[in-house]
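Read the structure below first, then the notes.
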Amino acid sequence: MKLDLSGFESTAPFVGASSELVGGLAAAPSFDIPATTDFDGFQKEAIQMVKPAKGTTTLAFIFKEGVMVAADSRASMGGYISSQSVKKIIEINPYMLGTMAGGAADCQFWHRNLGIKCRLHELANKRRISVTGASKLLANILYSYRGMGLSVGTMIAGWDETGPGLYYVDSEGGRLKGTRFSVGSGSPYAYGVLDSGYKYDMSVEEAAELARRAIYHATFRDGASGGVASVYHVGPNGWEKLSGDDVGDLHYKYYPAMPSTEQEMVEGIEQEMEEEIEQEMEEA
Amino acid sequence: MVKQQPNWSPYDNNGGSCVAIAGADYCVIAADTRMSSGYNILTRDYSKICKLHLIYQHQHNKQMSCPAMAQLLSNTLYYKRFFPYYAFNVLGGLDNEGKGCVFTYDAVGSYERVGYSSQGSGSTLIMPFLDNQLKSPSPLLLPAQDAVTPLSESEAVDLVKTCFASATERDIYTGDRLEIVVLNADGIRREYMELRKD
C-alpha cells in the first residue's frame, strides 16, 4: 500500500530562483541561500549581525468586551538601545492585530505577508478570514522555515464570526489558542500583574488600565523593555488604539512618592537623638 | 572529522557614519566619505549617498514617494534574509505632503519612520547627541504629536556638521570629508565640509 506523504512536503523555498516581487507574494517568497557547506555556522554568524530585538514585553488577553493587546516599544542590540519607538503592535487588517517579539524584520515582513494572504482569502472566498485561519497560515509558514534562524514570537488577536480570538504563534512552529498570553523578556513581570488583577467581567477602561500597568511594571524591572506603552482594544467593529503613554510618565502615576524605609529609619533615629539631648539639657 | 572553519568571509566592515534629520519642509542627509578595512584607509573620497527613484517612475508612471521607497528597501533587504547585505541604512526624503521623512533600517530590513537617525561606526557617539538636541516625541504617543524637528534648514545643517566634527574626534573610522545633501521643495542641494584626515 503506497503511503500518502503529501502532508510532509514542505513549502520551503527553492534555492536560486528569485521571483518578481508581485508574483512572488502569492506563493511563499524564495530566498537566496549562501553557497556554504556549514549553513548553521554561517547563520549563527549572520545572526550576530542581525541581532534581533529579543528584549521586549507584549501581552494580550480576552475578556468580556473583546481582546486587549499591549506592548512596550524598546529595541535593543546587545546592550545598546537601538530604538525607543518601535511599533510592536502590527495592524494586519482593520479587525486583526499581531504583536512583535524576537526579530523585528522577521515579524514586520511576515505580518505584512499575512495581511496580504488574509486579503486574498477575503477576495477569493467573499468573507473575512477567521483568527483561527489566519494564525494557522502564519504558523504553517513559520514551520516551513523552522531551523533556519527566524525569530518570531507573536500573538494574533482579532474578532471574527465566533467572537474574540487569541492565538500565540512562534518560529519554532508552536501555535496555541488561549485567553491570556505575555511574550518577551519582561513577560514574567507582566504575568504577575496581569494574573493578579484579571477578571473576565471588566469594562474596557478597567482592562486597559490593567494592561497598561502590566506593561509599566515589566518596563520598570526589565532593562530590555521600555519606551512607550501602547494599548489596543479589539472589539466587534475592529481594533482601536486606546492609549500610548511614555513609561517614564506612568512611573509618577503608578509609583506612589513615599519616603523609603531607610529614610524613615534615619529620620526616626535623628528624632530620638534630639529628644535625648533635650532631656539632658533639662536635667542639667 | 574536525569541523572545518571557513578561511574567507564574504563580509567586510568598511566603517563610516551617516546621519539624517527630518524637518517641516526639508530633509538633511549627511555621511563621511572615508572607506576603511581594518586599520587601512582604502579611499578618502567615497560617496555613501545615492539617488533612487527612476525605475519605479517608469513602471508606475508616477513619482516614487518616500514611504513607497522605504517599503521597497525593506523588501530588498529581507529577500536576503539568509545571506544578509551587511548594510545599516538610513533613507531620507520628502513625503507626499512635502514634510521631511527619515527611515532607519537594520541589516535585514526592519524599518521605522523617525524624526532623525544615525547609523554606522560613529552612531553610538552621534545618536545620544541628537537625542539631547532634537528629542522628538515618540510617534507612538496618543494623542499624536509631530515628530519632525522645529529647527530651520540652516540650523539642522550646522547641527549635522557639529555631529561629525565630534564623531571624527573619537571614531577612527569616521573622517576625511563630510558630504551633506539637503532635499526641499526647490530640489536637491549638495554641500561638502572637510573633516580631520588622521
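So that the names make sense, note that chain A is the first sequence line, chain B the second, and so on, each numbered from 1.
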(request) Starting at CE of B:M127, measure out to OH of A:Y80 and round the result to the nearest 0.5 Å. (result) 5.5 Å

(request) Please report the shortest heavy-atom distance between A:K87 and B:L140, naming the atom on each side. (result) CG-CD2, 3.3 Å

(request) Using non-hydrogen atoms and a 4.5 Å limit, figure out which bit of B:T104 sits close to chain A: side chain, backbone, both or neither. (result) neither

(message) Using a 6.0 Å cut-off, check whether atom OH of A:Y143 has over 12 heavy atoms from anything other than its own residue.
(response) no

(message) If you apply the rule side chain to side chain contact (heavy atoms under 4.5 Å, CB included), what do you find for A:F109 with B:N75, and how did you get there?
(response) CA-CA 8 Å; A:F109 183 90; B:N75 284 345; 3.9 Å; yes

(message) Please rank A:D245, A:L242, A:I89, A:V86 by heavy-atom pairs under 4.5 Å with chain B and give me the top one.
(response) A:V86

(request) Mind checking the NZ-CD1 spacing from B:K80 to A:I33? Nearest 0.5 Å is all I need. (result) 10.0 Å

(message) To the nearest 0.5 Å, what is the distance between CD on A:Q108 and OG on B:S74?
(response) 6.0 Å

(message) Using 0.5 Å steps for rounding, measure from the CD1 atom of A:I81 to the OG1 atom of B:T124.
(response) 13.0 Å

(request) Test side chain to side chain contact (heavy atoms under 4.5 Å, CB included) on B:E112 and A:S85 and set out the steps. (result) CA-CA 8 Å; B:E112 201 201 331; A:S85 55; 2.5 Å; yes

(request) Please report the closest heavy-atom contact between B:L141 and A:G244, naming both atoms and the distance. (result) CD2-O, 3.3 Å

(request) Look up atom OG in B:S110 and atom CE in A:M100, then write down how far apart they are to the nearest 0.5 Å. (result) 6.5 Å

(request) Starting from the C-alpha separation in whole Å, work towards a yes-or-no answer on side chain to side chain contact (heavy atoms under 4.5 Å, CB included) for A:D106 and B:R81. (result) CA-CA 9 Å; A:D106 293 333; B:R81 171 67 176 77; 2.5 Å; yes

(request) Please look at A:S243 and chain B and tell me whether the side chain, the backbone, both or neither of the residue comes under 4.5 angstrom of a heavy atom of that chain. (result) backbone

(request) Heavy-atom distances under 4.5 Å only: say whether B:Y111 touches chain A with side chain, backbone, both or neither. (result) both

(message) With a 4.5 angstrom heavy-atom cut-off, is it the side chain or the backbone of B:Q71 that approaches chain A, or both, or neither?
(response) side chain

(request) Can you measure from OH (B:Y78) to CZ (A:R112) and round to the nearest 0.5 angstrom? (result) 13.0 Å

(request) Mind telling me whether B:F82 and A:Y145 have parallel, tilted or perpendicular rings, with 30° and 60° as the class edges? (result) parallel

